[in-house]
Amino acid sequence: SKMLHSYGFSSLEHRQVKVHLIEAAPRILPALPERIGKPVAKELTRLGVDIHVDTRVTCADSRGITTADGTLIEADLSVWAAGIRAPAFLSELGLSTERNHQVKVHQTMQSIDDEFIFALGDCASCPQPDDKRVPPRAQAAHQQASLMVKNLRAAMANKPLKDFVFKDHGSLISLAHFDAVGSLMRGASARSLFIEGRLAKFFYASLYRMHQMAIHGVVKTGMTVVVDGLNRYLRPKMKLHCSLASNAKRKTPPAVSAGGVFVSSMQSADRQSSRLSSVISPAISRRLAATLSCLTRYSSLSARERSPTNC
């Protein structure tokens, strides 16, 4: 909200924005160790996030979210993140799939129906020796891709294929620029090393760059690191998108998209009766209005009439 004020947007305070996190499991991040889930929940609570665990959602509509006990959590914006689901067309290929459309494969990542069809990552339901499935995580897909290259070469050479066994190297959770926590596995040992703070952020960034190197190579990734570093100083920290529609013609209050997070004033339409001039500074408002008027006139001209001098 402080950054929005520097853009002339003065009708939004941080107290007007409330974030709720709803989780059906007994705790957040149920797929990860509790040692990681607890500090993440603590940090989110410190940031003002209301966490609802053991809460099952039964309805999501324009009013908000309705839980199994009938409680309505009012929301202007709802983000649904309900696990992994493979593309629906995979169930239309004539192959055996799970309910979430993942292709059933052997440990060699070959389809159980056709040995010449391979699947990996979130598209595959791959068994493990402990009767579990490969978890839907980035490091699992990375490991599968490395083994699949070898298995494809072995298949073309009529050699036996190797079974995939997932090796958990730990987990890292990033909470944007606020904090990061994680655990790193110590080789073959079952014990893990818990890290947090700047050290966890460093490992998280390093892991991200490792994935980039696997796709783009060392040179392009190195150039990307340099460009990203420069952009921290050259680019604004927030990209502002203002709606220029008159509130009289809208049923929803003006909103601002800040850095990928939709922020609404949370006020009813009858209270939000101000025009564009109250949302942004008058000088910027006049410039935007002049630009839109010019673009409108320019778009109405024929191709021959269009020239830089006309706008």
Side-chain angles (χ1 to χ4, degrees), residues 21-37 40-41 51-61 65-68 78-156 159-174 182-183 185 190 192 207-208 210-211 214-215:
L21 177 60
I22 305 173
E23 173 59 60
R27 61 181 179 87
I28 64 172
L29 300 174
L32 300 181
E34 188 174 0
R35 191 179 182 184
I36 295 179
V40 171
I51 301 177
H52 308 264
V53 295
D54 274 325
T55 305
R56 187 169 58 89
V57 175
T58 57
C59 179
D61 52 29
I65 301 295
T66 304
T67 62
S78 301
V79 179
W80 188 270
I84 300 299
R85 186 181 181 88
F89 78 87
L90 293 176
S91 297
E92 303 172 1
L93 301 178
L95 302 174
S96 299
T97 58
E98 302 285 359
R99 291 181 58 186
N100 61 353
H101 306 302
Q102 288 183 324
V103 178
K104 295 182 180 180
V105 298
H106 298 294
Q107 263 192 269
T108 55
M109 291 176 287
Q110 294 171 293
S111 168
I112 62 175
D113 303 305
D114 191 331
E115 62 178 4
F116 295 103
I117 296 178
F118 291 76
L120 79 161
D122 295 343
C123 292
S125 175
C126 184
Q128 291 294 274
D130 55 1
D131 292 332
K132 295 183 179 180
R133 299 288 170 176
V134 175
R137 295 165 63 181
Q139 60 173 308
H142 196 139
Q143 295 175 26
Q144 285 181 320
S146 299
L147 180 61
M148 181 171 287
V149 172
K150 300 176 181 178
N151 278 354
L152 288 174
R153 291 174 178 173
M156 290 186 291
K159 295 181 180 180
L161 278 60
K162 295 182 179 180
D163 290 342
F164 174 74
V165 179
F166 172 63
K167 298 178 181 178
D168 190 355
H169 296 302
S171 304
L172 290 168
I173 302 297
S174 174
S183 64
M185 304 301 292
S192 62
L207 180 62
Y208 174 65
M210 286 176 58
H211 289 307
I215 299 174

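Because the structure is a prediction, the values reported are computed rather than measured. Hydrogens, waters and symmetry mates play no part in the numbers below; they use all other heavy atoms, side chains included. Positions are given from 1 along the sequence.
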Measuring from [X]:[atom1] to [Y]:[atom2], what's the distance to the nearest 0.5 Å?
| X | Y | atom1 | atom2 | result |
| --- | --- | --- | --- | --- |
| Asp54 | Ile22 | CG | CD1 | 13.0 Å |
| Glu23 | Leu29 | CD | CG | 8.0 Å |
| Asn100 | Asp122 | CG | CG | 9.5 Å |
| Phe164 | Gln143 | CZ | CD | 5.0 Å |
| Met109 | Ile117 | CE | CD1 | 15.0 Å |
| Ile65 | Trp80 | CD1 | CH2 | 6.5 Å |

[X] side chain vs [Y] backbone, donor-acceptor pair below 3.5 Å:
| X | Y | result |
| --- | --- | --- |
| Glu98 | Lys104 | no |
| Asn151 | Lys162 | yes |
| Gln144 | Gly121 | yes |
| Thr66 | Thr58 | no |

**Asked** Side-chain donor-acceptor pair under 3.5 Å between Thr67 and Thr55, yes or no?
**Response**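 Absent: no donor and acceptor within the cut-off.
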Over all heavy atoms of both residues, which pair between [X] and [Y] is shortest? Give the atoms and the distance, please.
| X | Y | result |
| --- | --- | --- |
| Ala86 | Cys123 | CB-CA, 4.3 Å |
| Val53 | Arg27 | CG1-CA, 3.9 Å |
| Ile51 | Ala41 | CD1-O, 3.6 Å |
| Thr108 | Gln110 | OG1-OE1, 2.8 Å |
| Ile112 | Ser96 | CD1-CB, 3.6 Å |
| Ile84 | Pro136 | CG1-CB, 3.3 Å |

**Asked** Can you check side chain to side chain contact (heavy atoms under 4.5 Å, CB included) on Gln139 and Asp168, steps first, answer last?
**Response** CA-CA 8 Å; Gln139 60 173 308; Asp168 190 355; 3.4 Å; yes
**Asked** Side-chain contact, heavy-atom cut-off 4.5 Å: Gln107 with Val165?
**Response**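 The answer is yes; the side chains approach within 4.5 Å.
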